[in-house]
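Here is how names work: the chains are called A, B, and so on, in the same order as the sequence lines, proteins then strands, and each is numbered from 1. The structure presented is a predicted model; accordingly, all values stated were derived computationally and were not measured.
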Number of protein chains: 2
Amino acid sequence: MPTTAPQDRIFQALADPSRRALFESLTRGEAAVNELTARFDISQPAVSQHLSALRGAGLVNRRRDGRHVYYRVEPSGIKPLIDWLAHYRAFWPQHVARLDQLLERMDK
Amino acid sequence: MPTTAPQDRIFQALADPSRRALFESLTRGEAAVNELTARFDISQPAVSQHLSALRGAGLVNRRRDGRHVYYRVEPSGIKPLIDWLAHYRAFWPQHVARLDQLLERMDK
DNA sequence: GCCATATATAAGCGATGACTTATGTATGGT
DNA sequence: ACCATACATAAGTCATCGCTTATATATGGC
């Protein structure tokens, strides 16, 4: 039954509260792993693993600068989520048009 | 770290592919547990457990009719998801206004 | 009341997940 | 070259998940 859908990794990535917190933190701006480790009460490897999951889901990017690796939100990453929501357009008929416009704009 | 957020149950509910498939199936229309069990290749208890999780997340309703229990999508259930998305408005500035309108309309 | 159907709950099991500590790999400074 | 810092990966542990089978709880028809 479970043929891996495109939403699979993103939903699973966001299912974990720590990961959502990390993501939330990154929306405040790019941050290196050591900064993130300082902000949260989990070990550095745990942070790296979470970031890896977020990256695998396409939700974040990374960039190396010297010894630091800076992570930042990948704006296009949440598109699968929007797509998934749009698929259930039938349940909010009035809003479909707006969602469609949103999707069009995100394509570019 | 993990103080149970409002998005918690909904993200976790949607993290499972079988559960998303069930939800998808319900968007085609209300269905009883035995129908859903027939559609998928998992046991009836598994279906009931998934439906319970979806219900716990506010994504579906149920209604009893005789011996059957019919489940249907709760349209307001995806609002937390929209809310969560809206929170990251900063990343798609052009779309914020539209998302806001969408949210306003869902409130009623 | 009795039996069949429909669903929910219980109990158990193997797989996966989220962490930990320990170690490996880059990079920079001296 | 050496050492410290920054990050990733490995390995192990404990909890949670998704499933199963077995059983309990409706409801309806006779």
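- Under the 3.5 Å distance criterion, the side-chain polar atoms of B:Arg19 are left unmatched by any main-chain donor or acceptor of B:Leu14.
- For A:Asn34, a side-chain nitrogen or oxygen approaches OP1 or OP2 of D:dC7 to under 4.0 Å.
- Among the atoms of the strands shown, none is found under 4.0 Å from any heavy atom of B:Tyr70.
- A donor-acceptor contact under 3.5 Å links the side chain of A:Gln44 to the base of D:dA8.
- The shortest distance between the side-chain N/O atoms of A:Gln49 and the OP1/OP2 oxygens of C:dT20 is not below 4.0 Å.
- The phosphate of D:dG29 (OP1 or OP2) has no side-chain N or O of B:Arg67 nearer than 4.0 angstrom.
- Between A:Leu54 atom CG and D:dA8 atom P the separation is 12 Å, expressed in whole Å.
- Here A:Arg19 lies in heavy-atom contact (under 4.0 Å) with sugar-phosphate atoms only.
- Here the P atom of nucleotide C:dT27 and the CZ atom of A:Arg63 are 15 Å apart, to the nearest Å.
- Side-chain proximity of B:Gln12 to the nucleotides D:dA8, D:dT16, C:dC19 is greatest for D:dT16.
- B:Arg64 places a side-chain N or O within donor-acceptor distance of the main-chain N or O of B:Gly66, the cut-off being under 3.5 Å.
- Between the C1' atom of D:dT16 and the CG atom of B:Asp16 lies a distance of 13 Å, rounded to the nearest Å.
- If you measure from atom CZ of A:Arg55 to atom C1' of D:dT9, you get 14 Å, rounded to the nearest angstrom.
- For B:Val33, whose side chain is taken as the heavy atoms from C-beta onward, the closest listed nucleotide among C:dA22, C:dT7, D:dT20 is C:dT7.
- B:Ser25 pairs with exactly one of B:Arg20, B:Arg39, B:Glu35 by the side-chain hydrogen bond (donor to acceptor under 3.5 Å, both in side chains) rule, that one being B:Arg39.
- Between B:Trp84 and A:Phe23, the ring planes lie parallel to each other; the angle is under 30°, not in the 30° to 60° tilted range.
- Atom CG in B:Asp65 sits roughly 10 Å away from atom P in C:dT7 (whole-Å rounding).
- For B:Ser43 and D:dT20, the shortest distance from a side-chain N or O to OP1 or OP2 is below 4.0 Å.
- Between B:Leu51 atom CG and C:dT9 atom P there is a gap of 12 Å when expressed in whole angstrom units.
- Remark: P of C:dG29 and NE2 of A:His68 are 11 Å apart, rounded to the nearest angstrom.
- Taking every side-chain heavy atom of A:Ile42 into account, C:dC19 is the closest of C:dC19, C:dA8, D:dT16.
- Across all strands shown, A:Glu35 has no heavy atoms under 4.0 Å from either base or sugar-phosphate atoms.
- Checking B:Val47 against A:Arg64, the closest nucleotide of DNA chain C that is more toward the 5' end is the one next to B:Val47.
- Straight-line distance from the CG atom of A:Asp8 to the P atom of C:dG17: 10 Å, rounded to whole Å.
- Inter-residue side-chain proximity for B:Val73 and B:Ile78 is flagged as unmet; no heavy-atom pair is nearer than 4.5 Å.
- B:Tyr71 has no side-chain polar atom (N or O) that falls below the 4.0 Å cut-off from OP1 or OP2 of C:dA6.
- Of all the heavy atoms in B:Ala13 and B:Leu54, the pair that sits closest is CB-CD2, 4.4 Å.
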